[in-house]
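Below: one structure, written as structure tokens.
Numbered from 1 within each chain, the chains take letters A, B, ... in sequence-line order. All figures in this text were calculated on a predicted structure; none of them were measured in a lab.
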Amino acid sequence: MEQKIKELLLQHTKELFNSDISDASIQFQSTRKDVKGDLTLVVFPFAKVLQTSPQLAGEKIGAFVADRCEELESFEVINGFLNFTFSPAYWFNMLHSINENETFGRAVEHSKPMIMVEYSSPNTNKPLHLGHLRNIFLGFSLSEILKAAGHEVIKTQVINDRGIHICKSMLAWEKFSPINSKGERETPSNTGLKGDKLVGKYYVEFDKQFNAEAKQIIAQWETDDFDGTSTAVVDLYKKFQVALLGKDEKAQQAIHDKIKDLSKNETTLLREAKDMLVKWEARDPQTYLLWTTMNNWVYAGFDLTYQTMGVDFDKLYYESETYLLGKDIIVEGLRSGVFFKKEDGSVWIDLTAEGLDEKIVLRSDGTAVYITQDIGTAIDRFSDYPSLSGMVYTVGNEQDYHFKVLFLILEKLGYAWAKNCFHLSYGMVDLPSGKMKSREGTVVDADDLMQEVVDKATEITKERGHLDGMSEQFRNRLYQQIGLGGLKYYLLKVDPKKRMLFNPEESVDLSGNTGPFLQYAHARICSLLKKEDSGAELVLVPFTLQHEEKELIKCLSSYPSIISEAASNYSPALLANYLYELVKQYGHFYQTIPILIEPNRDVKSGRLLLSYNVAKVIKSGLSLLGIEAPEKM
RNA sequence: GACUUCGUAGUUCAACGGAUAGAAUAGAAGUUUCCUAAACUUUUGAUCCAGGUUCGAUUCCUGGCGAGGUCACCA
């Protein structure tokens, strides 16, 4: 309808305005609740063109549209806003067409270009935490939304399975894992620990031992004992000690930090880890076997977590397989002059003309840095999927600069698709106690958190009853659906770009603007339809629409445009807020309009069908958020 | 310090440059012989400060104050 009026105005721009008007000057918005009308046109731009008051301009446009648009029942101009009211028949037909369309809201499959969405991309040393949850739910939901908007979507992650940090946990496991009576070291199967948790434990253990050793070294240095320390390090240490004298506290702290770093490099543990990395790069069989074994433990652990989350991936990329790819590109770019080499052999790109800095792309020893492999991975992906048109990286906003540089480099290398790469930069998740810090043990573990919300849902659902006749299996599934639904909704309803506060208490709330509130509305409608299940098919016969019914239909009718808006803004939050709005609208309808006790059969089945379609959209919308909609709760 | 993001009820979140800034929660008051009260209905309460652009500014620009992030031959 909006489209129709817009076209009408554009086609008759000459006779109406006596001059050209731009597409952008036609601004529609939904009519305020307290004003009569279904759609509002902002008149101010036209008042200017017509050089009259907004009131007169509005009257003129309104009359013009009314003459040519039979769906229009009336119009009214208030304060420079032209409010159109559509006929009851228009709204009834709207309901009819929504009802006919089982996949209402979804665009034709594969009608839009293929997009790859990257999310999760964890470090194999650290179990998934709250920050990952936001990342993963966001990425998954966005993928679903893009699909619904007509795109073909490839969900992917790149697994950070290479580097010195991996060697740290491998080394710690070899050195510090206790040996049981059968002569085995700790494994997931003999400890019952999840693989990612076990490996994470040894990563922490490494850090602990490593810091202790560094401390010892400093203590040794302080007694003027430099046994086994190279003269270069001793000189540096002495220099720092001198620098400590007569400085303010802040400067002293900085120097102490430098000394700490110095001592860390002197630890045998770090040396051994570095040796291990060299062995790994040389494909030493024993090291490689350990690496494979431990990584597989982690993957099994992650898989379990992903399963609980209800997310999946279409294609995985491993850094260990892609880290070499970028290097060839750099060499090529060096030849074509995109990059330049410094005296020490390191390779850089100069982005000062773009307002950024110089950025290193290859170390002086020829090894790859972070961005090198990102360049390689991106190019690799486009060759894996020749019809791929763009990519979305779901990565935290602390990497804004990195992606700015990455996309710029890809563009300079001449890849046309670089401009279709988008960094879905999301804000950090804070706790009421402040930032999450692994050092201080304030990290919220993903598995623990999910268990917690499910437990809470279990407790409250049991309290309420309503579970008669449900099997144990059904109940457990229901608790999962409610708990996780609440958690997902809690994390998704906030604009991704913004940093958000995670309040553990609120995240398990079941009332208000929450996931279970939406699920509840769905369950209620299902129960309503079940009660009426008389065997006879419900038919939609024209009936007089009440105000609440019209408002509901209006709300339903905007679902498709919400999906495309959420897709083009990369924001599941828009969809979440829409669903909440719809459910509130339905709650009001449900409370004021009788349904099952309505005596008129046509009106009754009309209301049931309206309810059915609301449930349909709730279920569909929730599924795009990765949330399930139970039929009973 | 440079660059960058942000600042809205007590709290957590909304608001293509549009009408009287919406919700939730917390607080106060109500609704059940009737379709699931995880609901519904009332009600108290906010745009960091100072300028500017505009018919119109929470939104855009400038300055200030405050909070985060980035400035590694780490990833």
Would you say [N] has OP1 or OP2 under 4.0 Å from some side-chain N or O of [X]?
X	N	value
A:Lys33	B:rG22	no
A:Lys584	B:rA24	yes
A:Lys404	B:rC3	no
A:His588	B:rU41	yes
A:Arg363	B:rA75	yes
A:Arg524	B:rA37	yes

Can you tell me how far [atom2] of [N] sits from [atom1] of [X], to the nearest Å?
X	N	atom1	atom2	value
A:Phe44	B:rA57	CZ	P	11 Å
A:Tyr401	B:rC74	OH	P	17 Å
A:Lys498	B:rU58	NZ	C1'	10 Å
A:Ile78	B:rU20	CD1	C1'	13 Å

- Which of A:Tyr426, A:Phe407, A:Phe422, A:Tyr570 passes ring pair (Phe, Tyr, Trp, His ring centres under 6.0 Å) with A:Tyr393? Answer is A:Phe407
Salt-bridged, [X] to [Y], with N to O below 4.0 Å?
X	Y	result
A:Arg363	A:Asp365	no
A:Glu76	A:Lys36	no
A:Arg477	A:Glu628	yes
A:Lys530	A:Glu631	no
A:Asp23	A:Lys6	yes
A:Glu354	A:Lys404	no

My understanding is that a pair needs two contacts under 3.5 Å, Watson-Crick or G-U wobble. By that rule, which nucleotide pairs with [N]?
N	answer
B:rU12	B:rA23
B:rU53	none
B:rA39	B:rU31
B:rA72	none
B:rA67	B:rU5

- Message: Rounded to the nearest 0.5 Å, what separates atom NE2 in A:His588 from atom NZ in A:Lys584?
- Response: 10.5 Å
Could you check whether [X] gets within reach of a base, just the sugar-phosphate, or nothing at all, counting any heavy atom under 4.0 Å?
X	result
A:Leu41	nothing
A:Gln373	sugar-phosphate
A:Leu501	sugar-phosphate
A:Thr461	base
A:Asp430	nothing
A:Glu319	sugar-phosphate
A:Ala47	nothing
A:Phe517	sugar-phosphate
A:Asp400	nothing

- Task: Look at the side chain of A:Gln29 and decide which nucleotide, out of B:rA14, B:rG18, B:rU20, has an atom nearest to it.
- Result: B:rG18
Please state the [atom1] separation for the pair [N] and [M] - nearest whole angstrom.
N	M	atom1	answer
B:rU11	B:rU44	C1'	15 Å
B:rG10	B:rC3	P	34 Å
B:rA19	B:rA57	P	10 Å
B:rA9	B:rA26	C1'	11 Å
B:rC6	B:rC48	P	14 Å

- Which comes earlier along RNA chain B counting from the 5' end, the contact point of A:Thr367 or that of A:Glu581, where each point is its nearest nucleotide? A:Glu581
- For RNA chain B, whose closest nucleotide is more 5', that of A:Ser364 or that of A:Tyr580? A:Tyr580
- Does A:Thr40 get its side chain close enough to the base of B:rA19, under 3.5 Å, for a donor-acceptor pair? yes
- Item | Under 5.5 Å and under 30°: A:Phe81 stacked on B:rA19 | yes
